[in-house]
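So you know, we letter chains A, B, ... as the sequences are listed, proteins then strands, and number each from 1.
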Amino acid sequence: MSVMAAEEDLRTRHILPISTVMSLTALTARQIRYYEAQGLVQPGRTAGQHRVYSLRDVDVLLAIKSQLADGFSIADIRNLMHPRHQAENSDEAVRQMLRDELLQQSRFAPDAEMRQGFGFRRSGE
DNA sequence: ATTCTCACA
DNA sequence: TGTGAGCA
């Protein structure tokens, strides 16, 4: 098995309890579960129905936090995340990551103030 | 002790 | 989104 495959495996393994994700992302359990309900993250479940997250889930959650701070609505983020359907390891997942990273740092992504200035409104308000 | 689901003075 | 109830 290649090292890349091994690393990918580590990043996608569902092993973190919600409490760890809460401290790692500074999000409330309520918010984390809500984003899941919105289809932004898909944590695993233990036999007892407790959610278990992967390091990738944490990255996604942090990206969501950043996107929201920049004025995007949950709907906006959802559309950017899965244009079609979600694939675990194929290049679809890579595309999603690139989209996240791109939107986070590029000034192509208008922030809340710019949107207001141009009369835009977050599609959730 | 923690997390889960559901509901709302 | 918060918060509390009643479980597992």
Point to revise | side-chain contact (heavy atoms from CB on, under 4.5 Å) between A/Thr25 and A/Leu62, intermediate numbers included | key: CA-CA 6 Å; A/Thr25 64; A/Leu62 288 173; 4.1 Å; yes
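Judged by Watson-Crick or G-U wobble contacts below 3.5 Å, the nucleotide B/dT2 has C/dA8 as its partner. With a cut-off of 3.5 Å on both pairing distances, the Watson-Crick or G-U wobble partner of C/dT3 is B/dA7.
The shortest distance between the side-chain N/O atoms of A/Ser19 and the OP1/OP2 oxygens of B/dT3 is below 4.0 Å. Taking only side-chain nitrogens and oxygens, A/Tyr35 comes nearer than 4.0 Å to OP1 or OP2 of C/dT1. Contact annotation: A/Arg51 side-chain N/O to B/dC4 OP1/OP2 distance is under 4.0 Å. For the OP1/OP2 pair of C/dT1 and a distance below 4.0 Å, the side-chain nitrogens and oxygens of A/Gln31 include at least one atom meeting the criterion. Taking side-chain N and O atoms only, A/Arg45 has no distance below 4.0 Å to OP1 or OP2 of C/dA8.
Atom-to-atom, CZ of A/Arg33 to P of B/dT5 comes out at 7 Å; the value is rounded to the nearest Å. Distance A/Glu36 CD to C/dT1 P: 15 Å, rounded to the nearest Å. A straight line from CD1 of A/Ile32 to P of B/dT3 spans 10 Å, rounded to a whole angstrom. Computed from coordinates, the A/Tyr53 OH to B/dC4 C1' distance equals 11 Å when rounded to whole Å. Nucleotide C/dG2 holds its P atom 12 Å from the OH atom of A/Tyr34, rounded to whole Å. We find that CD1 of A/Ile18 is positioned 9 Å from C1' of B/dC4, with the value rounded to whole Å.
The side-chain hydrogen bond (donor to acceptor under 3.5 Å, both in side chains) test with A/Glu36 is passed by exactly one of A/Gln31, A/Arg51, A/Gln42: A/Arg51.
Interatomic distance, CD1 of A/Ile18 versus CD1 of A/Ile32, reported as 4.5 Å (0.5 Å rounding).
A/Arg78 places no side-chain N or O within 3.5 Å of a backbone atom of A/Gly39 that could act as its donor or acceptor partner. A donor-acceptor pair under 3.5 Å is absent between the side-chain atoms of A/Asp9 and the main chain of A/Ala6, judged by distance alone.
One donor-acceptor pair, N or O on each side, does fall under 3.5 Å between the base of C/dT3 and the side chain of A/Arg30.
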